[in-house]
Chemist: 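Structure in structure tokens, see below.
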There are 4 protein chains.
Amino acid sequence: MECSIDSKPRWERRKDARPQELLAAAIDLFVERGFAATRLEDVARRAGVSKGTLYLYYTNKEELFKAVVRESIVPFIGEAEMSVAEFEGHSADLLRHVMLSWWSRIGQSKASGISKLILAEAGNFPELAKFYQEEVTRRGTRMISSMLERGVSRGEFRNVDIPQLTQVLIAPMMMLNTWKHCAVAPCDAHELQPLAFIDAFLDMALHGLLPRTAP
Amino acid sequence: MECSIDSKPRWERRKDARPQELLAAAIDLFVERGFAATRLEDVARRAGVSKGTLYLYYTNKEELFKAVVRESIVPFIGEAEMSVAEFEGHSADLLRHVMLSWWSRIGQSKASGISKLILAEAGNFPELAKFYQEEVTRRGTRMISSMLERGVSRGEFRNVDIPQLTQVLIAPMMMLNTWKHCAVAPCDAHELQPLAFIDAFLDMALHGLLPRTAP
Amino acid sequence: MECSIDSKPRWERRKDARPQELLAAAIDLFVERGFAATRLEDVARRAGVSKGTLYLYYTNKEELFKAVVRESIVPFIGEAEMSVAEFEGHSADLLRHVMLSWWSRIGQSKASGISKLILAEAGNFPELAKFYQEEVTRRGTRMISSMLERGVSRGEFRNVDIPQLTQVLIAPMMMLNTWKHCAVAPCDAHELQPLAFIDAFLDMALHGLLPRTAP
Amino acid sequence: MECSIDSKPRWERRKDARPQELLAAAIDLFVERGFAATRLEDVARRAGVSKGTLYLYYTNKEELFKAVVRESIVPFIGEAEMSVAEFEGHSADLLRHVMLSWWSRIGQSKASGISKLILAEAGNFPELAKFYQEEVTRRGTRMISSMLERGVSRGEFRNVDIPQLTQVLIAPMMMLNTWKHCAVAPCDAHELQPLAFIDAFLDMALHGLLPRTAP
DNA sequence: GATGAATGAGATTTCATTCAT
DNA sequence: GATGAATGAAATCTCATTCAT
């Protein structure tokens, strides 16, 4: 009882679970304290293993972080890419679907904290910045762009400036992220209603995307 | 050998300029690397002095940071408070004036980086969070609120929910800040046009604030 | 160059022995140089480990010092308390026994140097002063007092002023301590014969304590 | 105005007073904090001058300390030597006179703190130890010895072992010193009555020194 | 003479990473 | 595989001493 950090009995833990447990501990601490300020010893302790064990699974702090990103963010991009590739309906519905999925899979989860962390610390860890750029930003951007291309080529969207509009669609999501994680000092974000915000934003965006219908 | 007689001064005495030079170096590095990752020795070196000299002017890292905030952000709040107190025209013009001043004094300057830094690191430095909360956030919030009160009491604004609207006015500014400083990895913000954004945003906000005029 | 394959271990694993080795090194240096002037790096080196290792065992310099006190002085007080509690003979014999034990366990050992160090540096380290006061001085004083009480209540000592006499008994021991550690400059104490001194002192003290017998 | 540490008006201070003021400040702080822990900046501030000024009068910390010793302790030894040389009465009275003078000139003054400081820190500052040894200990020892020689050669004292007895006479004075300055932690010396102690001690000592008179 | 700004070596403490067991 | 003791570079902060003004 006595509140050890995690109360799973040691003997039930299977080897295969280790990476999961480590990643779970890692994402908690990275989100809570940032990359630089997270001590690997704390990660290990929270996962219920020793410091050395952590290094059996991840060569160093950066690799651990990459693994966290690969587990918590990258899969969503894959799914979204799949959606885009396979979706059969109207591009406006696809767009709405992807945005809402993003919110439920990333925005609401701890993964949003990782996103904010990158914003704050990428400058100090170029290797991490490069990795995130390639694995997340670039692919995410491409995925959004391809959605727009799909819409345009199917005649469901107007012939918009795709790179520009891609940015416009990404930015508010980043903003939501930031908001979610600024409870400490500068803005009390408890008034924020993310879903309503996303809805309103999509309406606005689609308004600009959909072909003008005759009055 | 012991006593070389070359007379180049080991240092230059320039007490009055020092604090400015140190603060300039400090804001550069804080914005570039964040609070924790900035080494005081680097600040000193960039200001052209030794480690010890820095401590003649600022007791420790946190005090240096506070001094940076006091120099780069707090005065703007004071000015804005003055504007609010002394302004004689229509509250809508006051609002526009304050927002644009914010952009030119904070948003465009390195001070916006400090704002982002607080977002990212406040959690790890409670003392700093508290300081910023009291000296900046609280005062800023009050200042915005009092602008709204002025508008309402003069009949220039509708009878809005002031605390709520205060948040709504602050948030986009924080967002601009974030955008400005996320060039590194996740979003390429080169498309962003801050002034246009602020304009659009103010139009929208004022639309909600101004009393409905008869058609 | 880079990868010499010589297999001498960078360190030797000997967890159980470490605390002892560190404490031994620490007491040596504390006694030799005092608290403030002792560098933890030197303690570590003398114990044959690196700076960092020391911190695995003791959180900081003060804790290391406390550990030294706990190991070298506190146990003696415990033993003395036991003696007082369990002793069955005449209180004069108890008193003599405790005093001589003190000399052989503390006075003759390095622990006496710790006692002198506290005298000299307590003023600069209030936390240490408090600790020593509580763990050593207070308990020691109580122990002596209770010996006197025992003597009085068993009719073996006269009805003396106990607090006062407690001081009188402690003081000469402190003096012996001081003497032992002033070899450096001011007084050459090589003439001092501690046991003879203690004997003489006890005779004198008991003369004042024992009930007057009829001539 | 401004509440400078000492409120003597700056303009009344004469140059000649400087060394005195510096020594006064220095002895205060040395006694309060010890040699190593005393910061020259504090000494200067307490004397109402700048750090640089202090160096005009004393080349470094050790020289300042020596000056303190020369001012506060050495003169007493000179006086005592004079007394010994010039005294015309019985050697027992001379001894009593010197001992009581010591108490009033050194023991009761801050100088006793210097004596304790040397005890504590001499080991870390060999140069200081050597200085003190030569200027104080050696001379003091010689002075006491010569008193004994005087007594013996005049037939007023028995033919005692002079070096040995010299130590015996010095030791209790050192003890008084120690006692005076151990108020902080280990022994509460408020019961101590120095003059009574000295009296008793002298009685005892003289008992051993004076020739046996016929019964 | 007086000042106090400037220096820089040095002390404590932290933590990613290694590796003998 | 797992452990955790050990390392050592690095960061913050202090203070005796110097020297241009």
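Since this is a predicted model, take the numbers as computed values, not measurements.
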Chemist: Begin from the C-alpha positions of A:Ile118 and A:Val69 and carry the test side-chain contact (heavy atoms from CB on, under 4.5 Å) through to its verdict.
Modeler: CA-CA 10 Å; A:Ile118 281 286; A:Val69 172; 5.8 Å; no

Chemist: Name the closest nucleotide to the A:Tyr55 side chain, picking from E:dT17, F:dG8, E:dT14.
Modeler: E:dT17

Chemist: Near DNA chain E, under 4.0 Å by heavy atom, which residues of residues 28-35 of chain C?
Modeler: none

Chemist: What is the distance, to the nearest angstrom, from the CD atom on D:Glu41 to the P atom on F:dA16?
Modeler: 9 Å

Chemist: Under a 4.0 Å threshold between the charged nitrogen and the carboxylate oxygen, would A:Lys66 count as salt-bridged to A:Glu127?
Modeler: yes

Chemist: Between B:Gly52 and C:Val49, which has a closest nucleotide on DNA chain F that is more 5'?
Modeler: C:Val49

Chemist: Pull out every stem in DNA chain F, meaning runs of 3 or more consecutive Watson-Crick or G-U wobble pairs with both distances under 3.5 Å.
Modeler: E:2-21 with F:2-21

Chemist: Tell me the closest heavy-atom pair linking A:Asp28 and A:Arg46, and the distance in Å.
Modeler: OD2-NH1, 3.1 Å

Chemist: In whole angstrom, what separates B:Phe65's CZ from F:dC13's C1'?
Modeler: 20 Å

Chemist: Record whether the side chain of A:Lys51 comes under 3.5 Å of the base of E:dT17 through a donor-acceptor pair of N or O atoms.
Modeler: yes

Chemist: Output the rounded distance in Å from CZ (C:Phe125) to C1' (E:dT12).
Modeler: 12 Å

Chemist: Is a salt bridge present between C:Arg33 and D:Glu121, judged by a nitrogen-to-oxygen distance below 4.0 Å?
Modeler: no

Chemist: Do B:Leu40 and B:Tyr55 come within less than 4.5 Å of each other through their side chains, counting heavy atoms only?
Modeler: yes

Chemist: For C:Leu40, which contact category applies under a 4.0 Å heavy-atom criterion: base, sugar-phosphate, or nothing?
Modeler: sugar-phosphate

Chemist: Between P on F:dC13 and CG on B:Leu56, what's the gap in Å once rounded to a whole number?
Modeler: 14 Å

Chemist: Would the number of heavy atoms belonging to other residues, nucleotides or ligands and lying under 6.0 Å from NZ of C:Lys110 be above 12?
Modeler: no

Chemist: Are D:Arg39 and D:Asp42 side-chain neighbours, meaning at least one heavy-atom pair lies under 4.5 Å?
Modeler: yes

Chemist: Checking ring-ring contact (aromatic ring centres under 6.0 Å, His included) between A:Phe65 and each of A:Tyr58, A:Phe131, A:Phe35, which is the one that passes?
Modeler: A:Phe35

Chemist: Whole angstrom is fine here: how far is it from CG in A:Asp42 over to P in E:dT14?
Modeler: 13 Å

Chemist: Does a side-chain N or O from B:Tyr57 land closer than 4.0 Å to OP1 or OP2 of E:dA5, or not?
Modeler: no

Chemist: Starting at CG of A:Leu54 and ending at C1' of E:dT17, how long is that distance when rounded to a whole Å?
Modeler: 11 Å

Chemist: Are A:Leu117 and A:Val31 side-chain neighbours, meaning at least one heavy-atom pair lies under 4.5 Å?
Modeler: no

Chemist: Nearest heavy atom decides the nucleotide; on that basis, is C:Thr38 or C:Thr53 closer to the 5' end of DNA chain E?
Modeler: C:Thr38

Chemist: Could you check how far CZ of B:Arg18 sits from C1' of E:dT7, rounded to whole Å?
Modeler: 11 Å

Chemist: Nearest-nucleotide wise, let me know which of C:Thr59 and A:Glu62 is further upstream toward the 5' end of DNA chain E.
Modeler: C:Thr59

Chemist: Check the distance between E:dC15's P and A:Asn60's CG and give it to me in whole angstrom.
Modeler: 17 Å

Chemist: Please find the pair of heavy atoms, one from A:Val68 and one from A:Ala26, that lie closest to each other, and give the distance.
Modeler: CG2-CB, 3.7 Å

